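Following: one structure in structure tokens, then a few remarks.
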Amino acid sequence: SCADTILSLPYRPTLGCRWREVLVFVYNFYALLRLSLYCRFHRVDRVVSNTMTTTIGVRLAALLHLPHEWHIHEMPDSYYGWRPWMITYYRHRMAYRLNTNSYISRYKRDAFRAMVGPQAEGEVHDNPKHNIPVLPSVPHEGTVIGFVGTFERRKNIPLLVKVFGRLYRDNPSLQLLLVGARTPDEIESIRSLCADFLPVVEILPEGDDVAPL
């Protein structure tokens, strides 16, 4: 007997240069205020942040003196937006006395600990797979390899396309479905990599309803 409530609030992540973070810190104040009022009214007793780039969670927890669980999936690397100035900033945030860090791999935990210091100490938790209800499949022929998500650089869609091309040479019944393009340019950039097997590749824009896929 639990319910989810989704609040739509203006928010920006912690990424980029130091001066951008100053602006983000101010910009996120409205969302922080709204969240604090919501948490007080509904007697929220714990705050969980699910990414390195989310610092509004630990700010909220510190403001309300609540326990904070920080689930960190990324690496402290420039590839994920990490900058040297963030070492001191995250050292301060992670030092919150009711904060607990949680990592999805020992490798990531050790990288943060080496970069930030003892404040980044935390436990390693594997993400257990839960049973997902199987919906009736959409009629199709052959095997479809699908991806649903953003086409950001760190998702490495070109590598997926390259691997698919190698599989397709030996399995011509394969199809590739990519969902999540935000602009026509993103679609065209992927199409340019699929010249040898374009007829079996479908690229769709992002959308809210992915169940039919």
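Not measured: the values here are computed from a predicted model.
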Parallel under 30°, tilted from 30 to 60°, perpendicular over 60°: which one fits the rings of H42 and Y38? tilted

Would you call Q119 and H92 a side-chain contact if the rule is heavy atoms closer than 4.5 Å? no

R83 vs C17 side-chain heavy atoms within contact, under 4.5 Å: no

Decide side-chain hydrogen bond (donor to acceptor under 3.5 Å, both in side chains) for H71 and N50; before the verdict, give the C-alpha distance in whole Å, the side-chain angles of both, and the deciding distance to 0.1 Å. CA-CA 5 Å; H71 293 230; N50 69 345; over 6 Å; no

Let's go through I157 and I190 carefully: what are the C-alpha distance in whole Å and the side-chain angles of both, what is the deciding distance for side-chain contact (heavy atoms from CB on, under 4.5 Å) to 0.1 Å, and is it a yes or a no? CA-CA 8 Å; I157 303 302; I190 299 301; 3.7 Å; yes

Closest non-hydrogen atoms of L63 and S36, given as atom of the first, atom of the second and distance, are CD2-CB, 3.8 Å

Might you point out which heavy atoms bring R59 and L32 nearest each other, and give the distance in Å? NH2-CD2, 3.5 Å

side-chain contact (heavy atoms from CB on, under 4.5 Å), that's the test. Do M75 and Y107 meet it? Break it down for me. CA-CA 9 Å; M75 291 287 290; Y107 183 74; 3.4 Å; yes

side-chain hydrogen bond (donor to acceptor under 3.5 Å, both in side chains) between T53 and E74, intermediate numbers included: CA-CA 9 Å; T53 64; E74 299 87 357; 5.0 Å; no

Side chain proximity check, T55 to Y90, heavy atoms < 4.5 angstrom: yes

So, for M94 and N99, which heavy atoms are closest and what is the spacing to 0.1 Å? O-ND2, 3.4 Å

Test your reading of the model: is there a side-chain donor-acceptor pair from S105 to the backbone of K108, 3.5 Å cut-off? yes

Residues in ring pair (Phe, Tyr, Trp, His ring centres under 6.0 Å) contact with F25, at least two apart in sequence or another chain: none

Indicate yes or no for a side-chain donor-acceptor contact from T51 to the backbone of T54 under 3.5 Å, with no hydrogens or angles considered. no

Please report the closest heavy-atom contact between R20 and P13, naming both atoms and the distance. NH1-O, 2.9 Å

Check: Y96 ring centre within less than 6.0 Å of W70 ring centre: no

Please work out whether the ring planes of F112 and Y103 are parallel, tilted or perpendicular, with thresholds of 30° and 60°. tilted

R34: which residues meet the side chain to side chain donor-acceptor pair (under 3.5 Å) condition with it, sequence neighbours left out? Y30

Acceptor/donor pairs from residues 201-213 side chains to any protein atom, 3.5 angstrom cut, sequence neighbours excluded:
residue, atom, partner, partner atom, Å
E206, OE1, R182, NE, 3.4
D209, OD1, A211, N, 3.3

Within the distance-only criterion (no hydrogens, no angle test), does the side chain of N28 pair as donor or acceptor with the backbone N or O of R12 below 3.5 angstrom? yes

Connected via hydrophobic side-chain network under 4.5 Å: F41 and L33: no

Do L193 and K162 touch side chain to side chain, with heavy atoms closer than 4.5 Å? no

Closest non-hydrogen atom pair, A61 against P67: CB-O, 4.3 Å

side-chain hydrogen bond (donor to acceptor under 3.5 Å, both in side chains) between Y89 and E21: does it pass, once the steps are laid out? CA-CA 10 Å; Y89 181 70; E21 174 54 27; 3.1 Å; yes

Give me the ring orientation class for F197 and F164: parallel if the planes are under 30° apart, tilted from 30 to 60°, perpendicular past 60°. perpendicular

Does the pair V200 and L176 meet the rule for a side-chain contact (heavy atoms from CB on, under 4.5 Å), with working shown? CA-CA 6 Å; V200 297; L176 180 62; 5.9 Å; no

